[in-house]
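One structure below.
Quick note: residue numbers are just sequence positions, from 1.
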Amino acid sequence: MNKSFQLEENQEYLYLLYKAKNTIWHFNKLIKEGYMGYTSIKFKNKDEIFVWLEDVRIEDGYYSGVLAENGNPENVPFSEAVDWLIIENQRMLGGYTIRQYRNMLGEEDKLNFEIYCGARIDDGDDFFRPDLTTPEGAIIRIEEFYNNKDLDGIFSCKDFRKEAENIMIDHSVVVNEKNLTMITAALKTSFVDDLEISGFPNFEGIERVFTLKDQREDQHLIEEKVIYRDGAITKNELWVWNSGPSGWKVLNLVEKN
C-alpha cells in the first residue's frame with residue numbers, strides 16, 4: 001500500500017502525531033503477539049522523506065520489514081517511527097497521518113481514497129495506555145475503575161480540590177482555604193451520591209476516539225467519542241489536569257447546553 005501525499009501541519013495534525021506516538025505501544029504488543037494481518041509504520045528516510053515500512057517485525061529495538069514503494073528490506077529504530085497502522089477485518093486502525101489527509105477531502109474523494117487504500121477508514125479506536133501519563137489514558141483508567149465499581153480507584157484518578165478551585169475562579173469566588181475545603185467536600189459528596197442513585201457507568205467493550213478541544217495552562221479539555229457495540233455513540237467533554245508527580249487527573253464533565 002503506497003500512501004504518499006502532502007499534509008498540512010496544523011494543530012490537528014500535531015495532535016494526531018501525538019496520538020500515534022502514545023498509541024504505538026498497542027501496535028508493538030500486537031506484533032509481539034504474532035499479529036498476522038497487514039502492518040506498517042511510517043518514518044523519515046535518509047533523504048528526509050516520510051515513507052512506510054510494511055510486513056513489520058520487531059527485532060532488538062528495531063522495526064524490520066520492506067519499504068512500500070520498492071519492496072527493499074529496511075530496519076528502523078523504534079524512536080524514528082512517527083505513525084503506525086494495521087488492517088483488521090478490512091478496517092484501518094492507527095494510520096493517523098492518513099486520517100488527517102482523508103479528513104481534508106470531500107465526501108466522494110474520501111470514498112475513492114478508501115478504495116485506493118484498500119481498507120475502510122472510519123474514526124478508528126485510540127489505544128492510549130490506561131494510566132495517568134496522558135490525559136486520554138487517565139480517562140480510560142477511570143472508566144476501567146467504573147467498570148469494576150472500584151470507588152477508591154476512581155478517587156485515585158480524580159482531584160476534587162482542583163475542581164473546586166476551578167469553580168471558584170470561574171464564579172469569581174475568593175480562593176481561600178476555608179472555601180476550598182467546603183466546596184471540595186461538597187463536590188466529593190455530590191459525586192458519591194450520584195453514583196449511589198444512578199449506579200456506576202459501564203464502558204466495557206467500547207471504542208474511543210479522543211479530540212483535544214481546548215487547553216489552559218496545565219489543563220486539557222478532552223472530547224471522548226464513545227462507540228458502543230450496538231453502534232450507539234455518545235460524546236463527553238472532560239477537563240483533565242496535570243497534577244505533576246501524580247500524573248493527570250480527571251476533573252469535571254462539561255455540561256452541554
Side-chain angles (χ1 to χ4, degrees), residues 9-23 25 126-203 206 208-227 233-257:
E9 295 192 14
N10 53 23
Q11 284 301 115
E12 180 185 0
Y13 174 73
L14 294 176
Y15 183 64
L16 289 172
L17 286 182
Y18 158 84
K19 290 213 284 187
K21 175 183 177 182
N22 284 282
T23 57
W25 73 273
D126 293 331
F127 297 97
F128 284 84
R129 289 186 184 275
D131 59 30
L132 305 184
T133 59
T134 64
E136 298 83 1
I139 292 171
I140 296 174
R141 185 63 172 153
I142 197 172
E143 289 174 352
E144 289 184 343
F145 285 127
Y146 279 127
N147 291 340
N148 295 328
K149 300 181 180 179
D150 183 344
L151 193 57
D152 288 336
I154 292 168
F155 286 159
S156 73
C157 297
K158 291 192 63 64
D159 194 297
F160 294 103
R161 185 179 176 88
K162 186 64 179 181
E163 278 189 48
E165 182 181 312
N166 284 346
I167 290 172
M168 293 167 71
I169 292 172
D170 290 344
H171 291 83
S172 300
V173 176
V174 175
V175 179
N176 56 41
E177 189 58 36
K178 179 181 177 180
N179 289 339
L180 265 176
T181 301
M182 179 179 64
I183 295 175
T184 298
L187 287 173
K188 188 171 183 178
T189 298
S190 175
F191 181 83
V192 173
D193 288 346
D194 185 60
L195 285 178
E196 290 179 350
I197 294 170
S198 303
F200 290 82
N202 187 277
F203 297 93
I206 67 168
R208 302 173 174 91
V209 181
F210 294 102
T211 303
L212 176 62
K213 304 294 289 187
D214 195 8
Q215 55 189 118
R216 57 190 187 195
E217 297 180 355
D218 51 4
Q219 298 180 56
H220 287 189
L221 180 62
I222 302 294
E223 178 190 88
E224 181 193 29
K225 179 179 179 180
V226 178
I227 306 165
I233 293 173
T234 60
K235 291 184 179 181
N236 305 311
E237 291 186 3
L238 302 107
W239 280 105
V240 191
W241 171 55
N242 187 353
S243 68
S246 297
W248 290 87
K249 301 290 185 177
V250 180
L251 303 181
N252 57 297
L253 179 70
V254 175
E255 298 293 337
K256 296 183 180 180
N257 297 327

**Request:** Keeping the roles fixed (side chain from K235, backbone from V226), state whether a donor-acceptor pair exists under 3.5 Å.
**Result:** no

**Prompt:** How many angstroms lie between CZ in F210 and CG in N236, if you round to the nearest 0.5 Å?
**Reply:** 10.0 Å

**Message:** Once rounded to the nearest 0.5 Å, what's the spacing between atom CG of L14 and atom CD of E12?
**Reply:** 10.0 Å

**Complete:** F127 meets the ring-ring contact (aromatic ring centres under 6.0 Å, His included) criterion, sequence neighbours left out, with H26

**Where M168 and I183 come nearest, the two heavy atoms and their spacing** = CG-CD1, 3.4 Å

**Message:** Quick one, R129 and T134 - any side-chain contact, counting heavy atoms below 4.5 Å?
**Reply:** no

**Message:** My understanding is that only residues two or more places apart in sequence, or in another chain, count here; which of them pass side-chain hydrogen bond (donor to acceptor under 3.5 Å, both in side chains) with N179?
**Reply:** N176

**Fill in**
Contacts of D131 meeting side-chain hydrogen bond (donor to acceptor under 3.5 Å, both in side chains) (sequence neighbours excluded), chain-then-number -> T133

**Complete:** Smallest heavy-atom separation, N166 atom then Q219 atom, equals ND2-OE1, 2.9 Å

**Exercise: identify the closest heavy-atom pair between S246 and L132** = O-CD1, 3.5 Å

**Message:** If you apply the rule salt bridge (charged side-chain N to carboxylate O under 4.0 Å, His left out), what do you find for R208 with E143, and how did you get there?
**Reply:** CA-CA 11 Å; R208 302 173 174 91; E143 289 174 352; 2.7 Å; yes

**Asked** Which is it for E237 and L221 under the side-chain contact (heavy atoms from CB on, under 4.5 Å) test, yes or no, and what are the steps along the way?
**Response** CA-CA 7 Å; E237 291 186 3; L221 180 62; 3.8 Å; yes

**Asked** With sequence neighbours excluded, what pairs up with E144 under the side-chain contact (heavy atoms from CB on, under 4.5 Å) test?
**Response** P130, I140, R141

**Request:** Verify, without hydrogens or angle tests, whether T181 (side chain) and E177 (backbone) share a donor-acceptor contact under 3.5 angstrom.
**Result:** yes

**Fill in**
Contacts of K225 meeting side-chain hydrogen bond (donor to acceptor under 3.5 Å, both in side chains) (sequence neighbours excluded), chain-then-number -> D123

**Request:** Decide yes or no for I167 and N252: does some side-chain heavy atom of the first lie under 4.5 Å from some side-chain heavy atom of the second?
**Result:** no

**Complete:** Closest non-hydrogen contact found for P201 with L195 is CD-CD2, 4.2 Å

**Asked** So, do F155 and V192 sit near enough that their side-chain heavy atoms are less than 4.5 Å apart?
**Response** yes

**Prompt:** Of all residues at least two apart in sequence or in a different chain, which pass the ring-ring contact (aromatic ring centres under 6.0 Å, His included) check with Y18?
**Reply:** Y15, F128

**side-chain contact (heavy atoms from CB on, under 4.5 Å) evaluation trace for R216 with W239** = CA-CA 10 Å; R216 57 190 187 195; W239 280 105; 3.8 Å; yes

**Fill in**
In this structure, CG of D193 is separated from NZ of K188 (nearest 0.5 Å) by 12.5 Å

**Asked** Taking side chain as C-beta onward, heavy atoms only, is E136 less than 4.5 Å from D126?
**Response** no

**Request:** Return yes if some donor-acceptor pair links the side-chain N/O of D159 with the main-chain N/O of K249 below 3.5 Å, else return no.
**Result:** no

**Prompt:** What is the distance from atom CG of L151 to atom OG of S156, rounded to the nearest 0.5 Å?
**Reply:** 10.0 Å

**Asked** Are side-chain heavy atoms of L238 and I222 found at a separation under 4.5 Å?
**Response** no

**Item:** Spacing of NE2 belonging to H220 relative to CG belonging to D218, to within rounding of 0.5 Å
**Value:** 8.5 Å

**Request:** Provide the closest heavy-atom pair for V250 versus K158 in the form atom of the first, atom of the second, distance.
**Result:** O-NZ, 3.3 Å

**Distance-minimising heavy-atom pair for A138 and W248** = CB-O, 3.7 Å

**Request:** Check for a donor-acceptor pair, side chain of N242 on one end and backbone N or O of G244 on the other, with a separation under 3.5 Å.
**Result:** yes

**Message:** Rounded at 0.5 Å granularity, tell me how far CD in E163 sits from CZ in F191.
**Reply:** 8.5 Å

